[in-house]
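In this text the structure is predicted, and so the values were computed from the model without any measurement.
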Amino acid sequence: MNDDEQGMFTVDPKDDSLTTVAGGLHARVLERLGLAICGQELTTGSVMKIEDIERQYGASRSVIREAVRVLESMGLVTSRRRVGVLIQAPSEWNLYDPQVIRWRLASRARVTQLRSLTELRTAIEPEAARLAAIRSPLTNASDLMGLSGQLWAAGEAGDQGLFLTLDIQFHSLVLASSGNEMFAKLDSLVGEVLAGRTNYGLMPNHPHEEALQLHVDVASAIQRGAPDAAQSAMLRIMQRTMEEMAHLWDAPHQNGEFIRR
């Protein structure tokens, strides 16, 4: 690891400004390293020495090793005896891990990440809605109708926090109602991309009326047992999402500066 790379993840252990999933120095070390790797500030193939990370963070070897173990479980790094901690290529990362998604959304790669996730949702969620119209329990269908109404009210009120919470619940319930356990497991991924759009200023204060109506249409079609209508309405939701962010996809230089922090 060269001097430039060392400087990229230097942090004061007493700095509380970092957002972490848990308190303590271990979480801060993990967060900063994860951000540096997912943002490719620590480049593929570069090597970190445990003792160098200890000095940078003022943390014990046990804290550093635990952070490295977590990164290894995500495929971001691999430890090699007498070599150090090797940064893995993105092709080796667990791209479905919610924390990896979060770090990529916080990096200059966020536009690419948002596009990939939205394309994945476009492929999966319309089919999930179609299956839900065939398989969904009546209680789930009723809950979806209730959520669609609450979404409409929150959207018209401009309550972004409540709207985000309800939107995550709505799309997660559609996935669960599909009766496909693989689809259901994608709920955390969908939650991360919806939260990312809100956190990085890509959601309007007041959602378009068509988007609100489409959520009602999805719920209504699932409740009526109309699979084609459910699929079509969900596909249109995904298409609207792509259209709303088209200016990002078409930008000549896609980096973090295109999305406000």
Side-chain angles (χ1 to χ4, degrees), residues 38 90-91 93-98 100-105 107 109-136 140-141 144 147-148 151-152 155 160 163-204 207-222 226-251 254 258-259:
C38 290
S91 59
W93 301 352
N94 179 4
L95 298 177
Y96 290 91
D97 187 294
V100 173
I101 292 171
R102 225 168 287 143
W103 286 332
R104 292 185 74 199
L105 287 174
S107 77
R110 70 173 64 112
V111 171
T112 300
Q113 172 73 125
L114 279 168
R115 184 168 191 166
S116 296
L117 290 169
T118 304
E119 288 172 348
L120 179 63
R121 291 184 65 201
T122 300
I124 297 297
E125 291 197 58
E127 178 63 11
R130 187 187 73 82
L131 291 174
I134 299 170
R135 302 171 176 171
S136 177
N140 286 19
L144 283 169
L147 283 168
S148 67
L151 268 171
W152 194 302
Q160 282 198 327
F163 186 89
L164 172 61
T165 298
L166 294 169
D167 204 20
I168 290 173
Q169 290 176 3
F170 182 92
H171 288 276
S172 296
L173 186 54
V174 171
L175 290 169
S177 299
S178 71
N180 183 307
E181 73 281 6
M182 303 295 286
F183 285 0
K185 283 294 185 181
L186 294 175
D187 62 340
S188 59
L189 180 151
V190 171
E192 290 298 337
V193 69
L194 290 172
R197 286 192 66 198
T198 298
N199 294 339
Y200 293 104
L202 288 172
M203 286 291 288
H208 194 281
E209 184 171 319
E210 183 192 15
L212 297 173
Q213 181 62 53
L214 285 167
H215 283 76
V216 174
D217 293 345
V218 169
S220 175
I222 290 173
D228 290 344
Q231 183 179 45
S232 177
M234 183 63 84
L235 178 59
R236 181 57 192 147
I237 290 174
M238 297 297 103
Q239 290 171 337
R240 277 199 58 85
T241 299
M242 292 295 287
E243 290 165 5
E244 288 170 358
M245 294 191 288
H247 67 289
L248 291 174
W249 315 150
D250 297 337
Q254 294 183 3
F258 281 89
I259 306 176

Task: Flag side-chain contact, heavy atom, 4.5 Å: Arg197 against Thr241 - done: yes

Task: Side chains of Val216 and Leu212 in contact at under 4.5 Å (non-hydrogen atoms) - done: no

TODO: Please name the pair of heavy atoms, one in Ala128 and one in Ser178, separated by the smallest distance, quoted to 0.1 Å.
DONE: O-CB, 3.6 Å

TODO: Side-chain contact test, heavy atoms from C-beta onward, threshold under 4.5 Å: evaluate it for Ile124 versus Leu175 and give yes or no.
DONE: yes

TODO: Report the C-alpha distance between Glu127 and Arg130 in whole Å, list the side-chain angles of each, state the deciding distance to 0.1 Å, and finish with yes or no for salt bridge (charged side-chain N to carboxylate O under 4.0 Å, His left out).
DONE: CA-CA 5 Å; Glu127 178 63 11; Arg130 187 187 73 82; 2.7 Å; yes

Task: Value rounded to 0.5 Å, distance of CD in Gln239 from CD in Glu244 - done: 12.0 Å

- [ ] For the pair Tyr96 and Lys185, evaluate side-chain contact (heavy atoms from CB on, under 4.5 Å) and give the outcome as yes or no after the intermediate values.
- [x] CA-CA 10 Å; Tyr96 290 91; Lys185 283 294 185 181; over 6 Å; no

Open item on the list: Taking the side chain as everything from C-beta on, heavy atoms only, tell me whether Met242 gets closer than 4.5 Å to Glu119.
Closed with: yes

Open item on the list: Once rounded to the nearest 0.5 Å, what's the spacing between atom CG of Asn199 and atom CZ of Arg102?
Closed with: 10.0 Å

Task: Considering all heavy atoms, the nearest Ala129-Ile222 contact - done: O-CG1, 3.9 Å

- [ ] Over all heavy atoms of both residues, which pair between Ala133 and Ala230 is shortest? Give the atoms and the distance, please.
- [x] CB-CB, 4.1 Å

Open item on the list: Please determine whether the number of non-hydrogen atoms from other residues, nucleotides or ligands lying under 6.0 Å from atom CD of Glu209 exceeds 12.
Closed with: no

- [ ] Flag the pair Ile237 / Arg240 as yes when at least one side-chain heavy-atom distance between them is below 4.5 Å, and no otherwise.
- [x] no

Task: Value rounded to 0.5 Å, distance of CD in Glu181 from CG in Leu186 - done: 11.0 Å

- [ ] Side-chain contact test, heavy atoms from C-beta onward, threshold under 4.5 Å: evaluate it for Ser172 versus Val190 and give yes or no.
- [x] no

TODO: Start with the C-alpha gap between Ile101 and Leu95, add the side-chain angles, then the distance that decides, and say whether side-chain contact (heavy atoms from CB on, under 4.5 Å) holds.
DONE: CA-CA 7 Å; Ile101 292 171; Leu95 298 177; over 6 Å; no

Task: Smallest separation among heavy atoms of Ala123 and Pro126, with atom names - done: C-CD, 4.4 Å

TODO: Please name the pair of heavy atoms, one in Asn140 and one in Ser177, separated by the smallest distance, quoted to 0.1 Å.
DONE: ND2-OG, 3.0 Å

Task: Rounded distance (nearest 0.5 Å) linking atom CZ of Arg115 with atom OG1 of Thr122 - done: 10.5 Å

Open item on the list: Side chains of Gln213 and Trp152, heavy atoms from C-beta outward: is any pair under 4.5 Å?
Closed with: yes

TODO: Of all the heavy-atom pairs spanning Val218 and Ala233, show the shortest one and how long it is.
DONE: CG2-CB, 3.5 Å

Open item on the list: Let me confirm one number: the OG-CG distance from Ser220 to Leu214, rounded to the nearest 0.5 Å.
Closed with: 12.0 Å

Open item on the list: Between Leu114 and Val193, does the side-chain contact (heavy atoms from CB on, under 4.5 Å) criterion hold? Intermediate values first, please.
Closed with: CA-CA 7 Å; Leu114 279 168; Val193 69; 3.8 Å; yes

TODO: For side-chain contact (heavy atoms from CB on, under 4.5 Å), just list the numbers for Gln169 and Thr165, CA-CA rounded to whole Å, side-chain angles, deciding distance to a tenth of an Å, and then say yes or no.
DONE: CA-CA 6 Å; Gln169 290 176 3; Thr165 298; 3.6 Å; yes

Task: Note, Phe170 side chain near Leu194 side chain (heavy atom, < 4.5 Å) - done: no

- [ ] Calculate, to the nearest 0.5 Å, the distance between atoms NE2 and CE belonging to His171 and Met238 respectively.
- [x] 5.0 Å

